[in-house]
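To start, the structure itself, in structure tokens.
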Amino acid sequence: MRVHGDSKGCQGTVLFSQDRKILNQVKTSGVHEIISYPNDHASQENSLQAVNNTILRHMQSLEIVCKELVSGELIQKTNNLENIVVLFIDKVNGLLRIINKAKNDHTIVPNTDNDTIQRSLRMLNEIIISALDTSDVIEEEDLLHLSSIGVKRMKDGLFGIDNEVIKETISSNGKEVAKTFKMVSSALLETMPFCIDPNTGNLRYIRKKLKEDGDDSTSRVSGALSERLEREKIELMKKLNITELLISRSGQFIENLEISSELCTDV
Amino acid sequence: MKPMTDKTTFYDTSISETGMNCIKFFRLTRNALGSDSDEALFTILIERNALFDSVDQLSSLLSPEYVEKVISIERKILTRLEKEREKIVLHIDSISRHINSLKAYSAKFPIPSMPAFFDQTG
């Protein structure tokens, strides 16, 4: 299954050229400084940049999955829900894998406090695991435990899926499964948006920063841009009306002259 | 017998005034065809638009050859206006697409989901 996250809303964007620079001003706010590293670190394999980039990429996918789960149609479509759950777990495993890999890399970023980074990595791991733990809210929220859906933690620390169990559970309790994963993915999105600061090794909560700086700026710039385009469109519509009026009058003039010319010839 | 005046009325406008309008009309037509910018073209043609009635009034007095010539020139104006109209329609269409794209865009966490927006060359 493919989740068409990036294609949504992309129609026509390639047409932007002049307006790109304006949007560039707000493009990433705090994200950009975190995912972009100084050149001397850029070539490091297994670097913190790779970890942060992977986290960001997986979090973006998780957001799309979350939206799919919120969709009303999904509940009625068993196959979709199953695919979404599989995709969700796959993304979570992707996060865990990169964290585990980074935990074993003791030279993750030169000249940075490695202990702080390792502590941050452990915290990230805990955040993911606790977000997927529904035991505290099962009774209150009428949710299912992930193990009863067929999702279990494996020895390697990753999550495994029992396809038969998940199919059966979805066919019998589809709404509850959707609700459970909606809660889990929301919890993960709310708590997980962290990156590791390459300078300090500490976790950084960039979602808030993006929301505070980026979204507001983006909406302001988008709003201004949209307003300008609307004004331009109105002007063009006026110009079009005038052009059509001129065309009509010119055509009528030619017609009159032709009639006049025919009359002259007849006489 | 009533003495003949130099101004004979033609409908409610004197012939001399109508004639002057015609001269102005043809001058503006020539200027319009020679104009490079769209803005100048429209300014001239809008000014010329008010003079059509005068030319219509006098058209019956023009020789068939001259009428043919005027028609030919006017067709050139018409062709240019059609081209301008086409350009405006395309421009409106392009702007509408931009507006729709902007409405569809929102900065999504963690990375804005429309990289096509961002010009890497700055």
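Letters A, B, ... mirror the listed sequences (proteins, then strands); counts begin at 1. Small disclaimer: the values here were computed from a predicted structure and weren't measured.
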* B:Glu39 portion near chain A, given a 4.5 angstrom heavy-atom threshold ->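 B:Glu39 touches chain A through side-chain heavy atoms alone.
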* Part of B:Glu68 lying under 4.5 Å from any heavy atom of chain A ->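 B:Glu68 touches chain A through side-chain heavy atoms alone.
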[atom1]/[X] to [atom2]/[Y] distance, rounded to the nearest 0.5 angstrom?
X        : Y        : atom1 : atom2 : result
B:Ile88  : A:Lys238 : CD1   : NZ    : 13.5 Å
B:Leu81  : A:Ile242 : CG    : CD1   : 11.5 Å
A:Leu246 : B:Leu41  : CG    : CG    : 8.0 Å
A:Glu230 : B:Ser96  : CD    : OG    : 8.0 Å
B:Glu84  : A:Leu240 : CD    : CG    : 11.5 Å
B:Glu82  : A:Ile247 : CD    : CD1   : 4.0 Å

* Note, B:Leu78 side chain near A:Phe253 side chain (heavy atom, < 4.5 Å) ->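 B:Leu78 vs A:Phe253: side chains apart.
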* Asked: Would you say A:Lys239 and B:His91 make side-chain contact, with heavy atoms under 4.5 Å?
  ->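 Side chain of A:Lys239 against side chain of B:His91, heavy atoms only: no contact under 4.5 Å found.
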* **Sorted by number, residues from residues 45-53 of chain B in contact with chain A (heavy atoms, under 4.5 Å)** =>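 Listed by number, the contacting residues are B:Leu45, B:Ile46, B:Arg48, B:Asn49, B:Phe52, B:Asp53.
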* Asked: So which bits of residues 69-77 of chain B come within less than 4.5 Å of chain A, counting non-hydrogen atoms only?
  ->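 The list, in residue order, reads B:Val70, B:Ile71, B:Glu74, B:Arg75, B:Ile77.
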* Asked: Do you know the tightest heavy-atom contact between B:Ile95 and A:Leu229?
  ->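 Taking every non-hydrogen atom into account, CG2-O, 3.4 Å.
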* Asked: What part of A:Glu244 is in contact with chain B, defined as an atom under 4.5 angstrom from a non-hydrogen atom: side chain, backbone, both or neither?
  ->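 Just its side chain gets close to chain B.
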